[in-house]
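Nothing fancy with the numbering, it's 1 onward along the sequence. Every number for a ligand or one of its atoms is a count from 1 in the order of the listing.
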Amino acid sequence: MKILVTGGLGYIGSHTVVELQNKGYEVIIVDNLSNSSIEVLDNIEKITGKKPAFEKVDLREKDTVSAFFKKYTDIAGVIHFAASIFVNESVENPLLYYENNLNSLIYLLKEVSAKKEMAMIFSSSCTVYGQADELPITEEAPVKKAEAPYGNTKQIGEEIIADTCKVTPNLKAISLRYFNPVGGHETALIGETPQGKPHHLVPYITQTAIGIREQLTVFGGDYPTKDGTCIRDYIHVVDLGKAHVTALERLLNNKNETNYEVFNIGTGTGSSVFEVIGSFERISGEKLNFKVADRRPGDVAAIYADTKKANEVLGWEAKSTLDEAMASAWKWEKKVRGK
Ligand code: NAD
Ligand code: WQD
């Protein structure tokens, strides 16, 4: 069965392609390489023994998207990762984010909703919840006004898909609201490769430990949490990749209850920034150079998933511990730096 993976050379996309190929799916990746490199294709082949098909496509180009679907007429499902992903950048350049994340989605939906049958998985984010009123957070929690254009594109993206599904019974879709993806593949052939200074905590930690960054700044030590630092739900990217395959199969096997569904994808455990640092030091044997400084604007104090719906309805659960995720992130960093 042929599955289209947009943004499939990116961090989460590449790990998902590996899981799809491991389960025998034929994958075709489209990516414009704006935040990824073509070498990922060879590394996927090294892991799985099979090179996925690849087309360099910019999904913002409506006619190119249309031509792609004229060429590939037998696609059974789409996993849509392609998007611009940096919260700060989205504040500085909102139109880039609205154009890329929303136009790409709309052009893709126009094509897939015209098919006789189509399954679609959308990369959403826990960012749609903002600061939760109650923790752990369930899928029923209200979506709060987004702090940044990036989060707004995920909220609007979900609404666009839900509205399209309402009038398109042949289209089945699931939005997966990921919490904080971390780590890399056990082979250290694919992982998170930030361009320039990392925005995310875990690559900042590993780059500091390897000597590329001088010191990690912990953003805020005075939050109303167990140790004063922010709490997040860090999910191993391989578990996350597997969640996509499970969600896709739910749709392909007609197990869905409605033609648009939403699931939280996290571990259900909240870890503080100090706990993440502690985990890293434990698995690496390294002492991390860090200082506690001011809070980062826009950060919520604590968020972690209620995973009951994902566990019981979707039939997926996270298997890896934070230590395992940190060990894979460290292995990847060392491999990338030739150490
Ligand atoms: P990533 O940047 O590594 O992957 C995105 C890929 O999409 C890149 O390879 C990029 O080149 C490609 N792309 C971007 N715009 C494109 C376009 N117009 N046409 C074709 N390709 C395009 O990011 P990621 O961390 O793997 O995130 C994947 C998805 O998951 C995104 O939608 C992101 O918003 C969502 N998400 C990420 C996180 C996270 O913390 N990493 C958390 C929640 C949700
Ligand atoms: C994690 C924790 C920081 C860097 C982001 C997006 C969210 C979702 C996932 C896509 C926070 C702290 C970080 C540093 C630090 N993405 N931190 N020093 O902000 O939870 O979520 O990625 O949908 O929308 O906002 O992830 O990794 O940036 O931060 O102390 O140098 O680490 O304050 O508490 P975040 P993160």
For this session: Just let me know how Lys154 lines up against ligand 1, side chain, backbone, both or neither, with a heavy-atom cut-off below 4.0 Å.
Result: side chain

Seminar exercise, completed: At under 4.0 Å between heavy atoms, what of Ile303 touches ligand 2? The answer is neither

Exercise. Where's the contact between Ser124 and ligand 1, heavy-atom distance under 4.0 Å: side chain, backbone, both or neither?
Worked result: backbone

Exercise. Is ligand 2 under 4.0 Å from a heavy atom in the side chain of Arg296, in the backbone, in both, or in neither?
Worked result: side chain

Exercise. Any nitrogen or oxygen of Cys230, main chain or side chain, under 3.5 Å from a nitrogen or oxygen of ligand 2?
Worked result: no

Problem set entry | Polar contact flag for Asp299 and ligand 2 (N/O pairs, less than 3.5 Å) | yes

Exercise. Going by an N to O cut-off under 4.0 Å, is there a salt bridge joining Glu333 and Lys339?
Worked result: no

Problem set entry | Parallel, tilted or perpendicular: ring planes of His80 versus Phe122, cut at 30 and 60 degrees | parallel

Exercise. Charged N to carboxylate O below 4.0 Å: is that the case for Lys166 and Asp163?
Worked result: yes

Exercise. Are Tyr178 and Ser123 side-chain neighbours, meaning at least one heavy-atom pair lies under 4.5 Å?
Worked result: yes

Exercise. Can you find an N/O atom of Phe179 closer than 3.5 Å to an N/O atom of ligand 2?
Worked result: no

Seminar exercise, completed: Here the gap from Lys172 atom NZ to Thr258 atom OG1, rounded to the nearest 0.5 Å, amounts to 11.5 Å

Exercise. Which atoms of ligand 2 have any heavy atom of Tyr150 under 4.0 Å away?
Worked result: 10 (C), 23 (O), 24 (O)

Exercise. Can you list the ligand 2 atoms lying under 4.0 Å from a non-hydrogen atom of Thr217?
Worked result: 14 (C), 15 (C), 18 (N), 30 (O), 31 (O)

Exercise. Heavy atom under 4.0 Å from ligand 2: found in Tyr234's side chain, backbone, both, or neither?
Worked result: side chain

Seminar exercise, completed: For atom 22 (C) of ligand 1, the closest protein heavy atom turns out to be Asn32 OD1, 3.0 Å

Problem set entry | ligand 2 versus His199: contacting region, heavy-atom distance under 4.0 Å | backbone

